[in-house]
Every structure is written in C-alpha cells, then in structure tokens.
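Below is one structure, written out as structure tokens; the observations come after it.
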Amino acid sequence: MLLPEGVLINGLTGEVSPDTGKYTKRLSELREVFQDRAELDRMVATEGDPVVYEVIEYKKEGSDLFFGTTTMEAGNVGGEYFMTRGHFHQRRDMGEVYYTQSGHGVLLLESRDGETRVVRMEPGVCAFIPPDWAHRSINVGTEKLVFVWVCNVEAGHDYGDILKRGMRKVVVDRDGADVIVDNPRY
Ligand code: PAN
Ligand code: ZN
C-alpha cells in the first residue's frame with residue numbers, strides 16, 4: 001500500500017526532499033535546441049559547458065501521479081534565452097500543471113494544429129497545460145526560474161517533432177526585453 005507523505009520543496013533552489021531521481025541538462029546536450037550553434041560551441045568551450053536546467057522528481061512505484069521541480073539557470077545563446085527541450089506528451093489525453101515558485105519565465109505552448117499560446121511564469125502562477133499541447137519553458141529573467149510540475153506517470157515525453165524543427169515561435173532578448181518572434185528555422 002502506498003502511504004501519504006509530505007515532500008519539502010525549496011522554491012528558490014528547486015531542491016526536493018526526499019527525491020527519487022534527478023538529471024541535469026548542460027548546454028552541449030541541447031545543441032539541436034538553439035539556433036546559434038557556433039555561439040553555443042563557443043560557450044561550451046569557454047564557459048565550461050554551463051548547466052541549463054535540472055529536473056528533480058518524486059515518483060512512487062504504483063502511483064498514478066508524480067511531481068517534481070525544474071530549475072533553470074539564467075542565460076542565453078546569441079540572444080535566445082535558456083529553454084527546455086520542449087515536448088508533447090506521448091499520451092495525447094494527458095496534460096500537466098506547472099506552478100512557478102521563483103524567477104521569471106515564459107511558458108510557450110503549441111497545439112497539435114499549430115496554435116501558439118504563452119503563459120507568463122511568475123511566482124504564484126499555476127499554469128494549466130491542456131492535453132496535446134506542446135510545452136517549453138524559457139527563463140527570461142536574471143535569476144533561477146524554479147517551477148513545480150505535476151503529471152500522470154503514464155504521460156511520457158515525445159521530443160521528436162520539437163527537436164527536429166523547433167516550435168513556431170522563439171523567445172529572444174532585444175535590449176534586455178523578452179520578445180516573442182517567428183522561428184526563422186521553422
Ligand atoms: C517537465 C519537463 C522538464 C524538462 O517535467 O520534462 O521541465 O523539460 P523537457 O523535458 O522538455 O526537456 C514536463 O513537462 N514533464 O512532462
Ligand atoms: Zn510535460
């Protein structure tokens with residue numbers, strides 16, 4: 001039998017305790033994600049392959065739900081802000097919740113038929129991600145962006161389409177302001 005448990009989440013660091021697993025994504029692992037690959041390679045070589053984000057999860061065998069944190073560093077690659085890979089769920093009937101704890105971000109969403117929506121990620125904003133909307137989070141601030149996500153264990157990730165051609169929009173820095181523009185590569 002699964003037993004209830006309180007899990008402590010640090011909204012400034014993303015620490016989850018207890019956790020059941022974690023991974024880190026560094027810039028060199030996100031080569032397909034950013035447009036300016038020459039600048040990415042330069043950053044990997046000269047800045048020690050910076051961490052872009054870390055995911056920490058709490059998942060119990062036999063449960064229908066799991067949750068965790070994503071903690072994104074601040075930065076950009078040639079003006080394109082640090083972002084996650086972005087994905088649809090394998091299960092098209094399963095959505096997700098993103099609850100921002102700290103920092104400033106943009107949650108970029110795209111429906112299967114190509115509609116774009118944006119939800120600003122600010123502390124206290126709990127974003128509803130409907131089933132079958134691709135989602136990518138982007139740190140547009142100067143500090144860590146930390147959010148809690150809650151999802152069905154069977155949702156799964158489908159990275160294929162987004163890794164291949166990106167999303168229809170990209171979020172770039174223009175004189176310190178975040179601007180959403182058409183993806184020139186799409
Ligand atoms: C999140 C994401 C996490 C990392 O847990 O998986 O923020 O983003 P990518 O998986 O797109 O690299 C989630 O949406 N899970 O379904
Ligand atoms: Zn997801």
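Each ligand, and each atom within it, is numbered from 1 in the order the structure gives. This is a predicted model, so every value here is computed, not measured. Values below: every heavy atom of this structure, side chains too, minus hydrogens, waters and symmetry copies.
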Which atoms form the tightest heavy-atom contact between [X] and [Y], and what is the distance?
X	Y	value
M83	Y53	O-CE2, 3.6 Å
N139	E73	ND2-O, 3.1 Å
L108	M167	O-CE, 3.5 Å
L27	F82	CD1-CE1, 4.4 Å

Would R26 and E29 pass as an ion pair if we require N to O under 4.0 Å? no

Does one side chain, of H157 or Q90, offer a donor that lies under 3.5 Å from an acceptor on the other? no

Would you say Q35 and N183 are linked by a side-chain donor-acceptor pair, where the criterion is simply a distance under 3.5 Å? yes

Would you say L30 ends up clustered with V51 if hydrophobic residues are merged whenever their side chains have heavy atoms under 4.5 Å apart, either directly or through other cluster members? no

Can you pull the residues with any heavy atom under 4.0 Å from ligand 1? Y23, Y53, V55, T70, T84, R85, G86, H87, H89, E96, Y98, H135, F147, W149, H157, Y159

Listing protein N, O or S under 2.8 Å around the Zn ion (ligand 2) gives H87 NE2, H89 NE2, E96 OE1, H135 NE2

Tell me whether D178 contacts the main-chain N or O of I180 through its side chain, where contact means a donor paired with an acceptor under 3.5 Å. no

